Amino acid sequence: MAEIQLHNTLSGKLEPFVPQKPGEVRMYTCGPTVYDYAHIGNYRTFVFQDILGRFLKLRGYKLKHVMNLTDVDDRIIANAAAAGKNIREYTDTFAQAFFDDCKTLGIEAPEHWIRATDHIDDMVKLIQRLQKKTFTYSSEGSVYYRIAKFPNYGKLSKIDLTGIQAGARVDNDRYEKESARDFALWKAPKPGEHFWETAIGPGRPGWHIECSAMAMKYLGETLDIHTGGIDLAFPHHENEIAQSEAATGKPFARYWLHAEHLLVDGEKMSKSLGNFFTLRDLFAKGYKPSALRFALASVPYRKQLNFTFAGLTQATNSVERLRNFADRLKQGKFPPGKQEGMSERIFKAHVEFDDGLSDDLNTARALAALFDLVRDANIAMDKGEFRQGDIDAAQLFLVFFDSVFSVLEDNDAAKLQVLGYGSAEAGLSDADIEKLVADRTAAKKKRDFAAADRIRRDLADRGIIVEDTKDGTVRWKRK
RNA sequence: GGCGCGGUAGCCAAGUGGCAAGGCGAAGGUCUGCAAAACCUUUAGCGGCGGUGCGAUUCCGCCCCGCGCCUCCA
């Protein structure tokens, strides 16, 4: 197997991935801010993180993965107040929606899903540590980080802040800061705002401190991998580095991976442009979770992904092709024995697939290896040159593939029902379908094609596709 | 302006100094009672201009275009 290479934002280069502790990966990912439903752009990043985690596990690493939910910030405070709810009540709704969405998209739950407001004490302790080392100063009840004291500031985002002055783009009138680039570790409460009473005074945490505090609490002072969307590189991750490394004197994370953004029709997604979508928006239009997952996963994560409905349809059809192949493998009748060269062919595809993912999660390259094999295997099957003894190797590869991509299982309808989409109408049971299929076969035998076609059409209207195969068996599937 | 992605067929997209993967779509065909699935065939002057090479989509320079970040943002 090829060595795993990952693009590290810190170095700007592809680097061989070697965790600190052999066989174990400690990964922290920035999750959503639960002030509203997450959108498909968020899920582009979360699917990337999922694929990374799944691939590492598949490669035999023990994965310790922590994802946070930011459940306190300005938007949340404002929205909760507007809704007449307290912060917890308000964010619970969207946290639950996020968990449901993840399940629907096949995003595996990390070992820990943690919330900022459950870790106020940890943040306070970290701030105190920074206070002791004089990386902070207080002003009007808030605590700020003194960037001037951290020499490596900007090493992740390669940003040079010396030119940034308080002014038009920098909010300098709400708080008193020594320097415009300094950021808040702890914010003094504004009138009427929810606050925590702590050893460093009343208030609420700044945005960045939560990730430093929680990541180090669960994963130690040096993480193997830290990921998020590209927009988080600055200032969020840069500030995490400043806080964490100032406190510990150790590198905070060894590999920083950032997912590029998703665009819609070539433009930034925004509510004002009317091109802003949540998962629920797409499911309500009838698109399948597997199609969206495939669409998000098939474009390598460091490339901007241009989301379009045409693209989603393409993804739907691509998944269909793979499922057809998986079905054929499962249900087809093949001659006994093993075909000369076939297992080698399958093994080659397997290796190429793995090589693709090892190359900084090049999913497009990996998929090409799979589709190549699908074609070759179909050709062999058509010719009767694919045998029973070859099934296992092919199946093994598909399982490997699906351990990462997770799109083969035909469970879209069930998933949608969890979110309340798709008709919960009493559809045809398997037995009903079998009966109708048998009726059609009987009609065909009598060469009553009109009757047979009528049954097939009725089934099609109810979302069941019936197909005759070469070996005489009839197979059906739900659309 | 600084930093960073990217411009490859109708659409999505990989890739390499030496005849340009893969998927979707479209057209024609094979198979089928008809379909579906599958298979076959067709569908690329690699943003522009220069440069270095026997040879450049791939390296270098300049330019054009799209997108992102530069303290709300996955």
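Throughout, protein chains are lettered first and strands after them, A, B, ... in sequence-line order, and every chain is numbered starting at 1. Owing to the predicted nature of the structure, the values given are computational and were not obtained by experimental measurement.
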N or O in side chain of A:Asn362 less than 4.0 angstrom from B:G15 OP1/OP2: yes
Using atom C1' in both nucleotides, what's the gap between B:C54 and B:C70 to the nearest angstrom? 47 Å
For atom P, what is the distance between B:A37 and B:C24, given to the nearest Å? 11 Å
Side chain to side chain contact (heavy atoms under 4.5 Å, CB included) evaluation trace for A:Ile114 with A:Met67: CA-CA 6 Å; A:Ile114 53 176; A:Met67 181 189 270; over 6 Å; no
Under a 3.5 Å cut-off for both distances, is B:U52 Watson-Crick or wobble paired, and to whom? none
Checking all strands, does A:Phe371 fall into the base, sugar-phosphate, or nothing category for heavy-atom contacts under 4.0 angstrom? sugar-phosphate
I need the CG-P distance between A:Leu329 and B:A38, as an integer number of Å. 14 Å
Whole-Å C1' distance, B:C31 and B:C39: 9 Å
I'd like to know whether the aromatic ring centres of A:Tyr43 and A:Phe46 sit less than 6.0 Å apart in this structure. yes
Can you tell me, in whole Å, how much space there is between the P of B:C64 and that of B:C11? 25 Å
Centre-to-centre under 6.0 Å for A:Phe94 and A:Tyr37, is that the case here? yes
Which base sits across from B:A21 as a Watson-Crick or G-U pair, both distances under 3.5 Å? none
Nearest-angstrom distance, P atom, B:C63 to B:C69: 24 Å
Whole-Å distance between B:C65 P and A:Glu267 CD? 17 Å
Determine the interplanar angle of the A:Phe234 and A:Tyr153 rings, folded into 0 to 90°, and report it as parallel if under 30°, tilted if 30 to 60°, perpendicular if over 60°. perpendicular
Pairing partner (Watson-Crick or G-U wobble, both distances under 3.5 angstrom) of B:A9: none
Paired with B:U57 by Watson-Crick or G-U wobble geometry, both distances under 3.5 Å: which nucleotide is it? none
Quick one: A:Gln314 CD to B:C24 P, roughly how many Å, whole number? 9 Å
Base, sugar-phosphate or nothing for A:Gly311? Non-hydrogen atoms, less than 4.0 Å. nothing
Indicate, with a heavy-atom threshold strictly under 4.0 Å, whether A:Thr9 touches base, sugar-phosphate, or nothing. nothing
Taking B:A9 as the reference, what is the distance to B:G15 when you measure between their P atoms (whole Å, please)? 16 Å
C1' gap between B:C73 and B:C62, integer Å: 35 Å
Nearest-Å distance once atom C1' is located in both B:A21 and B:U8: 12 Å
d(A:Met214 CE, A:Leu126 CG) to nearest 0.5 Å is 11.5 Å
How close or far is atom P of B:A74 from atom CG of A:Asp101, stated in whole angstroms? 15 Å
Would A:Arg328 and A:Asp382 pass as an ion pair if we require N to O under 4.0 Å? yes
Quick note, A:Arg321 side chain, CB onward, closest among B:G23, B:A74, B:C12 is B:G23
Any strand, both distances under 3.5 Å, Watson-Crick or G-U wobble: B:C31 pairs with none
Would you please confirm or rule out a distance under 4.0 Å between OP1 or OP2 of B:A36 and any side-chain N or O of A:Lys477? no
Could you tell me the Watson-Crick or G-U partner of B:G1, where both distances fall under 3.5 Å? Say none if there is no partner. B:C70
Report the base-pairing partner of B:U16 (Watson-Crick or G-U wobble, both distances below 3.5 angstrom), or none. none
Using centres under 5.5 Å plus planes under 30 degrees as the test, is A:His261 stacked with B:G68? no
Write down the partner of B:C46 under the Watson-Crick or G-U wobble criteria, each distance required to be under 3.5 Å. none
Nearest of B:A14, B:A13, B:G33 to any side-chain atom of A:Val299? B:A13
Mind checking if A:Pro300 touches a base, just sugar-phosphate, or nothing, with heavy atoms under 4.0 Å? sugar-phosphate
Using whole Å, what does the distance between atom P of nucleotide B:A74 and atom NE2 of A:His208 come to? 12 Å
How about A:Tyr35 and A:Tyr90: are their ring centres within less than 6.0 Å of each other? no
Given atom OH of A:Tyr43 and atom P of B:C73, what is their separation to the nearest angstrom? 18 Å
